[in-house]
Amino acid sequence: MERETPQAAPPPTFLRGEEASSSSSSSARARFERLIRRVQAEVCAALEAVEEGSGGVGGGVFREDAWTRPGGGGGISRVLQGGRVFEKAAVNVSVVYGVMPPEAYRAARPDAAAGTEKAGPVPFFAAGVSSVIHPNNPFAPTLHFNYRYFETEAPQDTPGAPRQWWFGGGTDLTPSYIIEEDIKHFHGVQKEACDKFDPSFYPKFKKWCDDYFHIKHRGERRGVGGIFFDDLSDRDQETVLDFVTECAESVIPAYIPIIERRKDTPFTEKHRAWQQLRRGRYVEFNLVYDRGTTFGLKTGGRIESILVSLPLTARWEYDHKPEEGTEEWKLLDMCINPKEWI
């Protein structure tokens with residue numbers, strides 16, 4: 001299993017071969033790497049600006065770790081911990097070459113893996129930006145976004161199988177309390193991004209998000225959703241890349257206005273305890289069901305980067321049930337029975 005090598009500073013590109021020799025390469029790999037590194041920088045700058053505007057000191061800036069892998073590629077992990085506004089925020093990029101075992105291929109692409117049960121390892125290229133932002137204030141929601149690009153070659157021992165490419169990703173919101181103004185704003189930005197390409201995208205990807213972030217053993221969703229899509233390759237590559245770019249560039253206008261409204265809302269220890277219980281649900285989903293976590297663990301990914309989505313603190317109580325009609329009950333009911341927000 002390959003292990004990463006720390007770097008003093010990120011290289012200009014993590015691509016290899018001819019694609020690494022030109023900063024203006026027009027390949028999908030090169031263009032996507034430029035996108036995710038730009039989005040990482042812009043989101044980190046936006047979050048640091050919120051911290052600075054709130055008098056954040058000490059923990060209000062991102063720590064950066066750069067790393068490479070022996071098989072090619074690498075990544076940049078940026079993490080902020082202990083800020084005034086954000087308990088923990090991570091924005092990571094990775095550009096990785098490798099060979100995934102068949103079970104990891106089936107986890108990453110279940111719809112295309114039929115007939116590969118006995119195939120050998122699958123050479124792959126994967127690049128993505130992934131972020132989870134956990135605020136301190138229980139009235140400020142957690143945000144997750146992830147946008148990724150995959151290419152696979154023919155599985156070893158399966159000559160003649162076609163090379164495949166696809167995009168995936170999404171942006172979703174996980175509040176501890178239902179504030180309709182915020183949720184409608186968030187979903188409105190997702191719909192606007194989708195509608196620029198196809199009016200069927202938002203309702204389709206909104207439902208996909210509700211279905212994907214389903215904690216099956218609890219019978220509830222992780223949050224109030226957003227958009228989610230995977231294995232997107234049914235249109236020309238240029239169009240899909242433009243769509244993913246639009247979605248990634250919508251993260252800041254979807255989230256920062258909500259944070260600015262809620263970061264200083266007064267709260268009690270009861271509110272904090274409920275937030276901790278909901279973060280426990282977040283941990284359960286990420287460790288049990290999340291495909292990205294599964295893929296990373298099965299392909300020898302960087303553990304600190306894979307698990308950076310977990311909050312600093314979470315809570316589990318035996319058989320906890322909020323009283324019907326309370327604000328906590330309303331959130332749980334919404335997670336069990338998703339609604340249309342716009």
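Scope of the values below: all heavy atoms of this structure, side chains included, with no hydrogens, waters or symmetry mates. It should be emphasised that the depicted structure is a prediction, and the values quoted were computed from it without experimental measurement.
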Just checking E48: does its CD atom have more than 12 heavy atoms from other residues, nucleotides or ligands closer to it than 6.0 angstrom? yes
Is the shortest heavy-atom distance from the side chain of N92 to the side chain of S131 under 4.5 Å? no
Parallel, tilted or perpendicular: ring planes of W165 versus Y149, cut at 30 and 60 degrees: tilted
Spacing of OH belonging to Y177 relative to NZ belonging to K330, to within rounding of 0.5 Å: 12.0 Å
List the steps and the verdict of side-chain hydrogen bond (donor to acceptor under 3.5 Å, both in side chains) for T171 and Y147. CA-CA 9 Å; T171 306; Y147 292 98; 2.7 Å; yes
With the threshold set at 4.0 Å, does a side-chain nitrogen-carboxylate oxygen contact exist between R222 and D172? yes
Is there a path from L241 to V251 through hydrophobic residues (I, L, V, M, F, W, Y) whose side chains come within less than 4.5 Å of each other? yes
W274 six-ring face occupied by K270 cation (under 6.0 Å, within 45°): no
Dump the intermediate steps for ring pair (Phe, Tyr, Trp, His ring centres under 6.0 Å) on F145 and Y255, then the final yes or no. CA-CA 11 Å; F145 72 89; Y255 187 58; 9.2 Å; no
Going hydrophobic residue to hydrophobic residue with side-chain gaps under 4.5 angstrom, can you get from I227 over to V132? no
Under 6.0 Å from the CD atom of E269, do we count more than 12 heavy atoms belonging to anything else shown? no
Distance col, row I258:CD1 vs D182:CG, nearest 0.5 angstrom, shows 5.0 Å
Verdict with supporting geometry, K263 and S54, side-chain contact (heavy atoms from CB on, under 4.5 Å): CA-CA 9 Å; K263 61 186 176 65; S54 300; 3.0 Å; yes
Does the ring centre of F228 sit less than 6.0 Å away from the ring centre of H144? no
Trace of the side-chain contact (heavy atoms from CB on, under 4.5 Å) decision for R37 with F14: CA-CA 11 Å; R37 292 181 71 161; F14 290 107; 3.8 Å; yes
Please find out if less than 6.0 Å separates the ring center of F139 from that of F267. no
Run the side-chain contact (heavy atoms from CB on, under 4.5 Å) check on V288 and T293 step by step: do they pass? CA-CA 9 Å; V288 177; T293 301; over 6 Å; no
Between I259 and I133, is there a shared hydrophobic cluster once you connect ILVMFWY residues whose side-chain heavy atoms come closer than 4.5 Å? yes
E304 atom CD, over 12 foreign heavy atoms within 6.0 Å: no
E51 and F62: side-chain contact (heavy atoms from CB on, under 4.5 Å), yes or no, with the steps? CA-CA 11 Å; E51 283 285 342; F62 280 87; over 6 Å; no
Evaluate the criterion ring pair (Phe, Tyr, Trp, His ring centres under 6.0 Å) for residue pair F285 and Y212; output intermediate values, then yes/no. CA-CA 10 Å; F285 177 86; Y212 177 76; 5.6 Å; yes
Verify whether one side chain among S309 and Y282 offers a donor that lies under 3.5 Å from an acceptor in the other. no
CZ-NE2 distance between R221 and H214, expressed to the nearest 0.5 angstrom: 4.5 Å
Taking atom CD of E181 and atom CZ of R262, what is their separation to the nearest 0.5 Å? 5.0 Å
Just checking, is any N or O donor in the side chain of N337 or D333 under 3.5 Å from an acceptor N or O on the other one? yes
Connected hydrophobic set around Y318, excluding itself, where side chains approach under 4.5 Å: none
Shortest non-hydrogen contact from I36 toward G128: CD1-O, 3.5 Å
Exactly one of F243, F167, W208 clears ring-ring contact (aromatic ring centres under 6.0 Å, His included) with F229, and that residue is F243
Is there a continuous path of hydrophobic side-chain contacts, each under 4.5 Å between heavy atoms, that joins V79 to L47? no
With clusters defined by side-chain heavy atoms of hydrophobic residues (ILVMFWY) lying less than 4.5 Å apart, directly or transitively, does V50 cluster with V43? yes
Modelled atom types, side-chain donor and acceptor of R272 and Q275, under 3.5 Å: yes
Check against side-chain hydrogen bond (donor to acceptor under 3.5 Å, both in side chains), Q276 and T313: CA-CA 7 Å; Q276 296 295 291; T313 57; 2.9 Å; yes
So, taking the atom named CD in Q40 and the one named CG in L35, what distance separates them when rounded to the nearest 0.5 Å? 11.5 Å
Residues sharing L312's hydrophobic cluster, by side-chain heavy-atom contacts under 4.5 Å among ILVMFWY, directly or via others? none
Evaluate whether atom NZ of K191 has more than 12 neighbouring non-hydrogen atoms of other residues, nucleotides or ligands under 6.0 angstrom away. no
How many angstroms lie between atom CG of L15 and atom CD of E33, to the nearest 0.5 angstrom? 4.5 Å
